[in-house]
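Heads up, the thing below is written out as structure tokens.
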Amino acid sequence: MRRFIQLTVLLTLLMTILAACGDDAASSTTAPSSDPNPAPSSNQVIRIASKNFTEQFIVGEMYALLLEQAGYKVERKIGLGATDVAQAAMEKGEIDIYPEYTGTGLLTVLKLPTQTDPKAVYETVKKGYAEKYQIAWLDPAPMNNTQALAMTKEGAQKFGIITISDMAAKAGELRMIGPPEFQEREDGLPGIQAKYGNFELKEYVPVDPGLKYKGLVEGNADVVVAFGTDGEIANYGLVVLKDDRNMFPPYQIAPLVRQSVLDANPKLAELLNALAPKLDDATMQQLNFEVSGNNRKYEDVAKEFLTTQGLLK
């Protein structure tokens with residue numbers, strides 16, 4: 001009986017040792033991969049936002065589609081709001097990614113002096129956001145959606161306006177139409193007034209960004225707040241006023257990502273940076289006009305473009 005008990009004890013001990021070895025083996029096979037860009041976990045959710053105008057809708061949707069294809073769960077907040085709303089949401093951790101412009105980051109968010117060299121502007125905002133907000137700038141696209149002022153050909157001829165200096169000299173006769181925030185932005189009307197003289201417009205007509213060109217061509221204004229990649233510029237044959245005093249910095253679009261999110265998901269950089277070189281001025285103008293001019297859904301335009309470029313299967 002005593003020998004039976006001893007054998008039982010030895011057998012139990014042996015089984016315990018074998019079980020422990022099995023656990024170690026299992027642990028070694030399921031340990032985290034050394035892959036620097038691991039696939040997202042099943043419960044990973046990336047919150048992607050955009051500002052509230054056509055180009056942002058399209059690019060924000062592109063970001064979402066690229067991440068979904070890679071296996072991420074995405075929560076969309078497309079059309080979240082203007083710059084101040086999107087920036088505040090990033091700082092509070094309410095969103096993780098949204099497309100921003102280098103010039104806007106420089107002047108509106110960091111409130112730094114204007115620079116005109118695209119590379120210098122990008123490096124400045126990249127460093128400033130990292131230090132102040134722990135937000136990373138990924139690669140910028142070659143497109144330059146610079147702020148601009150435009151008029152119809154008829155209007156430009158009527159008032160004899162070619163440059164912004166010309167416009168400033170005749171501001172008292174002119175109605176300008178654009179988004180409400182342009183009246184307050186450092187790179188908006190206050191900046192133009194500081195650079196070109198303290199002129200006063202006959203009227204500033206604040207409208208939703210989607211209605212500004214309609215207001216111009218229907219005669220409700222003489223000057224429109226434009227952007228370099230707006231499809232309506234070519235479609236309506238508008239005259240872009242020359243920025244003869246170099247008021248506007250470059251406005252290249254790039255993904256902003258909260259640094260903590262990027263650290264946890266380094267593959268995001270590779271996925272989103274693949275889009276950057278595909279977006280030049282002509283391409284973005286056409287994409288914008290597909291939505292704003294041809295009344296197509298921005299989701300369809302974004303998906304079609306990524307598919308034709310081989311970025312979406």
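Hydrogens, waters and symmetry mates play no part in the numbers below; they use all other heavy atoms, side chains included.
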* For A302 and E61, which heavy atoms make the closest approach, and how far apart are they? -> CB-CG, 3.7 Å
* Checking side-chain contact (heavy atoms from CB on, under 4.5 Å) for the pair M176/M167: CA distance, chi angles, key distance, verdict? -> CA-CA 10 Å; M176 183 181 293; M167 185 220 71; 3.8 Å; yes
* Asked: Can you tell me if N144 uses its side chain to pair, donor with acceptor, with the backbone of Y251 under 3.5 Å?
  -> yes
* **Donor-acceptor contact below 3.5 Å, side chain D139 vs main chain N273** => no
* Should the pair F182 and Y204 be assigned to parallel (<30°), tilted (30 to 60°) or perpendicular (>60°) ring geometry? -> parallel
* If you group Ile, Leu, Val, Met, Phe, Trp and Tyr by side-chain heavy-atom gaps below 4.5 Å, do L279 and V291 land in one group? -> yes
* Could you please spell out the steps behind the salt bridge (charged side-chain N to carboxylate O under 4.0 Å, His left out) verdict for R76 and E68? => CA-CA 11 Å; R76 288 168 172 78; E68 285 177 332; 2.8 Å; yes
* Asked: Given side chains that start at C-beta, do those of K51 and V85 come closer than 4.5 Å, heavy atoms only?
  -> no
* To do: Before giving the answer on salt bridge (charged side-chain N to carboxylate O under 4.0 Å, His left out), spell out for D230 and K212 the whole-Å C-alpha distance, their side-chain angles and the decisive distance to 0.1 Å.
  => CA-CA 11 Å; D230 286 346; K212 61 185 183 180; 3.7 Å; yes
* Asked: Taking C-beta and beyond as the side chain, do I58 and N288 meet within less than 4.5 Å on heavy atoms?
  -> yes
* Side-chain donor-acceptor pair under 3.5 Å between Y213 and N235, yes or no? -> no
* Shortest non-hydrogen contact between L138 and L268, atoms and distance -> CD1-O, 4.2 Å
* Let me see the working for D84 and V109 under side-chain contact (heavy atoms from CB on, under 4.5 Å), right down to the final yes or no. => CA-CA 8 Å; D84 57 343; V109 179; over 6 Å; no
* To do: Give a yes or no answer on whether the side chain of Q252 reaches the backbone of G103 with a donor-acceptor pair at less than 3.5 Å.
  => no
* Is the closest side-chain heavy-atom distance between P179 and V207 below 4.5 Å? -> no
* Picking from D280, N145, T146, what satisfies side-chain hydrogen bond (donor to acceptor under 3.5 Å, both in side chains) with T229? -> N145
* Any chance you could lay out the side chain to side chain donor-acceptor pair (under 3.5 Å) test for D244 and S165, step after step, and finish with the verdict? => CA-CA 7 Å; D244 52 311; S165 289; 2.5 Å; yes
* **Cluster link I192 to F227, ILVMFWY, side chain under 4.5 Å** => no
* **Any side-chain heavy-atom pair of D222 and T152 under 4.5 Å** => no
* Asked: About how many Å separate CG of L275 and CG of L66, when rounded to the nearest 0.5 Å?
  -> 6.0 Å
* To do: Rounded to the nearest 0.5 Å, what's the gap from CZ on F305 to CE on M62? Could you check?
  => 5.0 Å
* **Which atom of L216 lies closest to which atom of V223, heavy atoms considered** => CD1-N, 3.9 Å
* Structure fact -> When rounded to the nearest 0.5 Å, the distance separating OG of S50 from CD of E55 is 10.5 Å
* Could you go through the salt bridge (charged side-chain N to carboxylate O under 4.0 Å, His left out) check for R47 and E75 one step at a time? => CA-CA 5 Å; R47 297 161 298 174; E75 179 184 346; 5.3 Å; no
* Asked: Do L272 and I97 come within less than 4.5 Å of each other through their side chains, counting heavy atoms only?
  -> yes
* Would you say N220 and V205 make side-chain contact, with heavy atoms under 4.5 Å? -> no
* To do: Decide side-chain contact (heavy atoms from CB on, under 4.5 Å) for T283 and M143; before the verdict, give the C-alpha distance in whole Å, the side-chain angles of both, and the deciding distance to 0.1 Å.
  => CA-CA 9 Å; T283 297; M143 57 161 275; over 6 Å; no
* Test item: Q87 and Y129 side chains (from C-beta on) under 4.5 Å apart, heavy atoms -> yes
* Pairwise side-chain contact, M151 with L241, heavy-atom cut-off 4.5 Å (strictly under) -> yes
* To do: First locate atom CG of L80, then atom CD of E94, and finally report the distance between them rounded to the nearest 0.5 Å.
  => 8.5 Å
* Asked: CD of E173 to CD of E203: how many Å apart, nearest 0.5 Å?
  -> 14.5 Å
* To do: Give a yes or no on whether K111 atom NZ has more than 12 heavy-atom contacts from other residues, nucleotides or ligands under 6.0 Å away.
  => yes
* Give the minimum heavy-atom separation between N246 and Y196, together with the two atoms involved. => N-OH, 4.1 Å
* Verify same cluster id: Y63, Y101 (apolar side-chain graph, 4.5 Å) -> yes
* Looking just at side-chain N and O atoms, do Y98 and E100 make a donor-acceptor pair shorter than 3.5 Å? -> yes
* Could you check Q115 against T124 for side chain to side chain donor-acceptor pair (under 3.5 Å), going step by step and ending with a plain yes or no? => CA-CA 10 Å; Q115 300 180 50; T124 298; 3.2 Å; yes
* Rounded to the nearest 0.5 Å, what separation is found between the CG atom of D243 and the NZ atom of K195? -> 8.5 Å
* When you measure from the side chain of T108 to the backbone N and O of T83, does any donor-acceptor pair fall under 3.5 Å? -> no
* Is there a donor-acceptor pair under 3.5 Å between the side chain of D166 and the backbone N or O of I162? -> yes
* Between W137 and Y122, how do the two ring planes meet: parallel, tilted or perpendicular, split at 30° and 60°? -> perpendicular
* Backbone N/O of D300 and side chain of K303: donor-acceptor pair under 3.5 Å -> no
* Asked: Taking atom types as modelled and ignoring hydrogens, do the side chains of R185 and T104 form a donor-acceptor contact shorter than 3.5 angstrom?
  -> yes
* **Contact summary for A226 and I233, nearest pair of heavy atoms** => CB-CD1, 4.3 Å
* Same apolar cluster (I L V M F W Y, side chains within < 4.5 Å links), F289/L211 -> no
* Exam field: side chain E232 to backbone Q285, donor-acceptor pair closer than 3.5 Å -> no
* Asked: Within the distance-only criterion (no hydrogens, no angle test), does the side chain of Q259 pair as donor or acceptor with the backbone N or O of Q134 below 3.5 angstrom?
  -> no
* Is the backbone N or O of F159 less than 3.5 Å from a side-chain atom of K170, with the two atoms forming a donor-acceptor pair by type? -> yes
* With the 4.5 Å side-chain cut-off for hydrophobic clustering, are L149 and V217 part of the same group? -> no
* To do: Carefully, step by step, assess Y72 and N265 under the rule side-chain contact (heavy atoms from CB on, under 4.5 Å).
  => CA-CA 10 Å; Y72 288 94; N265 302 276; 3.4 Å; yes
* Check whether any side-chain N or O of T114 sits under 3.5 Å from a backbone N or O of P249 as a donor-acceptor pair, and report yes or no. => no
* To do: Identify the heavy atoms of V240 and A148 that sit nearest to each other, and give their distance.
  => CG1-CB, 3.9 Å
